[in-house]
*Asks:* 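Take a look at the following structure, please.
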Amino acid sequence: MRFTKLFIPTMREAPSDVTAVCQLLMLRAGYVRQLAAGLYIFLPLGWRVLNKVNRVLKEEMEKIGAQEISMPVLHPAEIWQKTGRWDSIGEEMFRLKDRNGRDMCLGMTHEEIMAWVASKEIKSYKELPQIWYQIQTKLRDEARPRGGVLRTREFIMKDSYSFDADEEGLDISYQLHAEAYHAIFQRCGLKYYQVDSDPGMMGGAGATAHEFMAPTPAGEDEIVLCSGCGYTANVEVARSVASPIDNMNWEIEEVFTPEKRTINEVTGFLKIPAQYLIKTLLMISPDGPVLALIRGDHDLHEKKLTRVLGEFRHATKDEIRSILNIEAGFIGPMGHDNIRKIADFTLKDGNFISGANKSGYHIKGIKPGVQFDVEWYDIQTAKAGDSCFKCGGILRSEKVIEIGNIFKLGTKYSIPLGAVFLDKNGQENPMIMGSYGIGPARIAASAIEQSNDKDGIIWPRNISPFDLQIIPLNMSDPKTVEESEELYSKLREIYNHLTGEAMDVLIDDRDVRPGVKFKDADLIGIPLQVIIGEKTLKNNQIEIKVRRSGEVRKVAIEEAVREIIALYYEIR
RNA sequence: CGGGGCGUAGCGCAGCCUGGUAGCGCACCUGCCUUGGGAGCAGGGGGUCGGAGGUUCGAAUCCUCUCGCCCCGACCA
């Protein structure tokens with residue numbers, strides 16, 4: 001491809017309101033442009049990258065027997081109503097009416113539609129298992145789009161769905177996907193982790209789910225990792241053991257804590273570390289008020305508590321006053337016998353301080369489960385420095401981008417949509433489903449986050465928009481142009497003979513100064529550059545530059561093609 | 001949803017406080033010149049100052065409303 005025939009609007013100066021590195025570089029290097037909040041245009045280079053990723057996705061999906069199909073983006077409401085998600089999802093779903101006033105929505109995901117097809121067409125165990133996938137646009141009215149391409153309202157996703165006759169079959173489909181995902185992310189040159197995750201709105205209670213996470217500072221999610229046993233999990237589900245504390249053997253005693261409401265204020269005033277305090281939080285659950293108890297040095301994890309209570313919210317200051325008859329800041333767990341109490345496991349052993357249910361006072365010597373009844377659950381947020389609940393090792397944490405996920409769905413969608421089949425005994429059974437997603441744009445963004453320098457992007461070989469870039473330094477010099485053009489056509493031909501595929505070569509045929517070409521080439525980030533200038537041509541040589549290392553090799557023109565191809569296979 | 005910030009030429013910004021003919025750098029167009037890390041000289045084009053309303057002789061500037069975009073948070077007891 002010729003640079004002069006490609007639309008690559010590079011920018012010297014970046015827009016001031018970008019924060020993520022991947023967003024900055026995608027904009028500056030001319031890969032994408034923003035249309036509105038959470039809506040991105042993929043320009044030629046950006047689209048080439050997505051297609052490179054998609055090629056890898058398709059190859060690996062085909063390897064596990066998945067079949068590519070394509071589903072509509074516009075869905076009738078009834079199908080979503082059947083599974084209950086029309087009502088449970090809320091504002092995140094784009095909804096509209098057609099001209100006849102029929103309720104419709106834009107697809108956020110395709111479990112319902114896939115299960116619908118299966119319900120219509122699959123009748124016998126002999127037709128199972130099936131794995132269907134698509135690379136399709138999804139629409140979600142995100143509360144806050146952010147990080148450029150990382151969280152958008154419209155995005156492309158590779159989503160696949162498995163249908164099995166039994167749990168054993170689902171295990172196999174699930175495992176096949178996990179293996180395919182490892183192959184995909186490795187081919188895309190990413191550093192990533194597979195972690196335990198929250199099935200969230202996809203699965204039912206007790207469902208199995210994993211996420212694939214690419215570590216980068218721009219990540220929205222956080223995971224904890226144990227270097228001892230390899231345990232890794234999203235903090236949304238991560239179990240941990242809090243750092244141990246001494247048993248203080250305090251007698252029950254009220255202490256005067258005037259105007260000291262927050263954990264910080266109380267620890268500062270009493271000179272007692274936060275781990276000896278209990279945060280007592282009043283929540284309003286569907287079944288009424290609930291007190292949630294966690295250790296003072298930890299944070300509540302709302303998703304964990306949601307799994308216990310269902311959708312809950314924090315009580316307002318007025319509700320605290322009317323329900324508990326106390327001022328916020330001095331709530332204690334004792335004495336509220338008629339209110340359900342959920343305590344984190346960390347409070348099982350020890351002796352704590354919490355509010356005295358009386359303005360200006362806290363109480364020492366509290367023992368949850370001894371002085372009053374509580375239900376024990378894991379409701380705290382795991383954090384770096386906690387101990388691993390499996391092996392006791394110390395956990396560390398990392399910011400990550402979620403690049404893929406796999407869910408065991410079971411019968412959550414097949415039952416409501418009537419996706420059933422007859423088994424060998426003529427018995428009707430619901431199909432056992434799984435769903436599996438990957439975000440190609442997030443793969444691209446993660447690659448940039450993990451692989452860049454001050455000059456620009458450094459693409460992993462397999463997802464670069466081009467395999468190499470030829471840079472003729474002076475388009476007015478006939479010899480330069482002649483050698484560049486010859487190399488340009490030769491490389492594409494010869495590579496073709498070796499592998500059956502064309503090498504993607506970009507030649508910068510613009511009549512601009514060398515400095516501009518060097519800067520743009522580094523910014524765009526194609527892994528290999530071939531530099532052709534009068535200086536080295538005098539010695540019958542050209543130069544090959546490896547973008548990642550900056551290493552430059554001068555080679556004789558006759559050796560150029562062979563050297564370039566050899567080097568191409570050396571880089572990752 | 002809550003809080004904060006910003007909207008002036010394609011990009012980056014100044015001007016606003018203290019009202020009086022809209023500016024700078026880069027980019028763009030033409031010509032000359034130049035060709036190993038975003039050259040130089042000369043000339044040139046481009047902005048209803050996000051939008052609406054108000055105050056005023058006069059508004060980018062002051063006031064009100066509104067739209068858009070970005071960031072932080074969605075918590076604490």
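The analysis underlying the following values was restricted to heavy atoms, covering all of them including side chains, and did not include hydrogens, waters or symmetry mates. Everything numeric here is computed off the predicted structure, so don't read it as measured data.
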*Asks:* For B/C69, which nucleotide is its Watson-Crick or G-U wobble mate, given both distances must be under 3.5 Å?
*Replies:* B/G5
*Asks:* Which base, if any, makes a Watson-Crick or G-U wobble pair with B/U55, both distances under 3.5 Å?
*Replies:*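 By the stated definition (distances under 3.5 Å), nothing pairs with B/U55.
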*Asks:* Would you list the protein and nucleotides 40-43 of chain B atom pairs, both N or O, that sit under 3.5 Å from each other?
*Replies:*
none

*Asks:* For B/A42, what is the paired nucleotide under Watson-Crick or G-U wobble rules, both distances under 3.5 Å?
*Replies:* B/U30
*Asks:* Return the set of residues passing ring-ring contact (aromatic ring centres under 6.0 Å, His included) with A/F330 (not counting sequence neighbours), or none when no residue passes.
*Replies:* A/H362
*Asks:* Look at all strands and tell whether A/E543 reaches a base, only sugar-phosphate, or nothing, counting heavy atoms closer than 4.0 Å.
*Replies:*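 Contact class for A/E543: base.
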*Asks:* Strictly below 4.0 Å: does A/K279 bring a side-chain N or O up to OP1 or OP2 of B/A77?
*Replies:*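 Result: yes.
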*Asks:* Please measure how far the C1' atom in B/A27 lies from the corresponding atom in B/G46, and state the result in whole Å.
*Replies:* 12 Å
*Asks:* Give A/D522 one of three labels, base, sugar-phosphate or nothing, depending on what nucleic acid heavy atoms sit under 4.0 Å from its own.
*Replies:* base
*Asks:* At under 4.0 Å between heavy atoms, what does A/R33 touch on the DNA or RNA strands: base, sugar-phosphate, or nothing?
*Replies:*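 If one applies the 4.0 Å heavy-atom cut-off, A/R33 turns out to touch nothing in the nucleic acid.
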*Asks:* Please report the closest heavy-atom contact between A/K304 and A/V235, naming both atoms and the distance.
*Replies:*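 Closest approach of A/K304 to A/V235, heavy atoms only: CE-O, 4.0 Å.
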*Asks:* With a cut-off of less than 4.0 Å, is there a side-chain N or O of A/R12 near OP1 or OP2 of B/G38?
*Replies:*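 For B/G38, OP1/OP2 do not have a side-chain N/O of A/R12 under 4.0 Å.
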*Asks:* Measure all distances between protein nitrogen or oxygen atoms and nitrogen or oxygen atoms of nucleotides 29-34 of chain B, and list the pairs falling under 3.5 Å.
*Replies:*
residue : atom : partner : partner atom : Å
B/U34   : O2   : A/R513  : NH1          : 3.0

*Asks:* Under the salt bridge (Lys or Arg N to Asp or Glu O under 4.0 Å) test, which residues partner A/D477, sequence neighbours left out?
*Replies:*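 Testing A/D477 for salt bridge (Lys or Arg N to Asp or Glu O under 4.0 Å), a comparison that skips the adjacent residues, returns none.
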*Asks:* With both distances under 3.5 angstrom, what nucleotide forms a Watson-Crick or G-U wobble pair with B/C24?
*Replies:* B/G12
*Asks:* Who passes salt bridge (Lys or Arg N to Asp or Glu O under 4.0 Å) against A/E551, sequence neighbours left out?
*Replies:* A/R553
*Asks:* Using the test salt bridge (Lys or Arg N to Asp or Glu O under 4.0 Å), find all partners of A/R340 that sit at least two apart in sequence or belong to another chain.
*Replies:* A/E375
*Asks:* Taking salt bridge (Lys or Arg N to Asp or Glu O under 4.0 Å) as the definition, give me every residue that meets it alongside A/D103, ordered by chain and number, with sequence neighbours left out.
*Replies:* A/K97
*Asks:* Going by the rule ring-ring contact (aromatic ring centres under 6.0 Å, His included), which residues pair with A/F256 if we only count those two or more places apart in sequence or in a different chain?
*Replies:*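 Per chain and number, A/F256 pairs via ring-ring contact (aromatic ring centres under 6.0 Å, His included) with A/Y361.
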*Asks:* Using a 4.0 Å cut-off on protein heavy atoms (strictly under), produce a 5'-to-3' string for nucleotides 6-12 of chain B with B for base contact, S for backbone-only sugar-phosphate contact, and - for none.
*Replies:* -----BS
*Asks:* Is the distance from OP1 or OP2 of B/C70 to the nearest side-chain N or O of A/Q23 less than 4.0 Å?
*Replies:* no
*Asks:* I'd like the C1' distance from B/U30 over to B/C16, given in whole Å.
*Replies:*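 Those two atoms are separated by 37 Å.
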*Asks:* Pick the P atom in B/G44 and in B/A59, then give their distance to the nearest Å.
*Replies:* 31 Å
*Asks:* Check nucleotides 72-74 of chain B against the protein and report each pair of N or O atoms closer than 3.5 Å, with its distance, or say if there are none.
*Replies:*
residue : atom : partner : partner atom : Å
B/C72   : OP2  : A/R144  : NH1          : 3.2
B/C72   : OP2  : A/R144  : NH2          : 2.9
B/C72   : N4   : A/R144  : NE           : 3.4

*Asks:* Heavy atoms from C-beta onward define the side chain here; which of B/C69, B/A77, B/C76 lies closest to that of A/I320?
*Replies:*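 Of all the options, the side chain of A/I320 is nearest to B/A77.
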*Asks:* Which pairs count as salt bridge (Lys or Arg N to Asp or Glu O under 4.0 Å) when at least one residue sits in residues 440-460 of chain A, sequence neighbours excluded?
*Replies:* A/D453-A/R547
*Asks:* Among residues at least two apart in sequence or on other chains, which ones pass side chain to side chain donor-acceptor pair (under 3.5 Å) with A/H336?
*Replies:* A/N357
*Asks:* Testing A/D386, A/D344, A/D196, A/D378 one by one against A/R239 for a salt bridge (charged side-chain N to carboxylate O under 4.0 Å, His left out), which residue passes?
*Replies:*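 Going through A/D386, A/D344, A/D196, A/D378 one by one, the salt bridge (charged side-chain N to carboxylate O under 4.0 Å, His left out) with A/R239 is satisfied by A/D378 alone.
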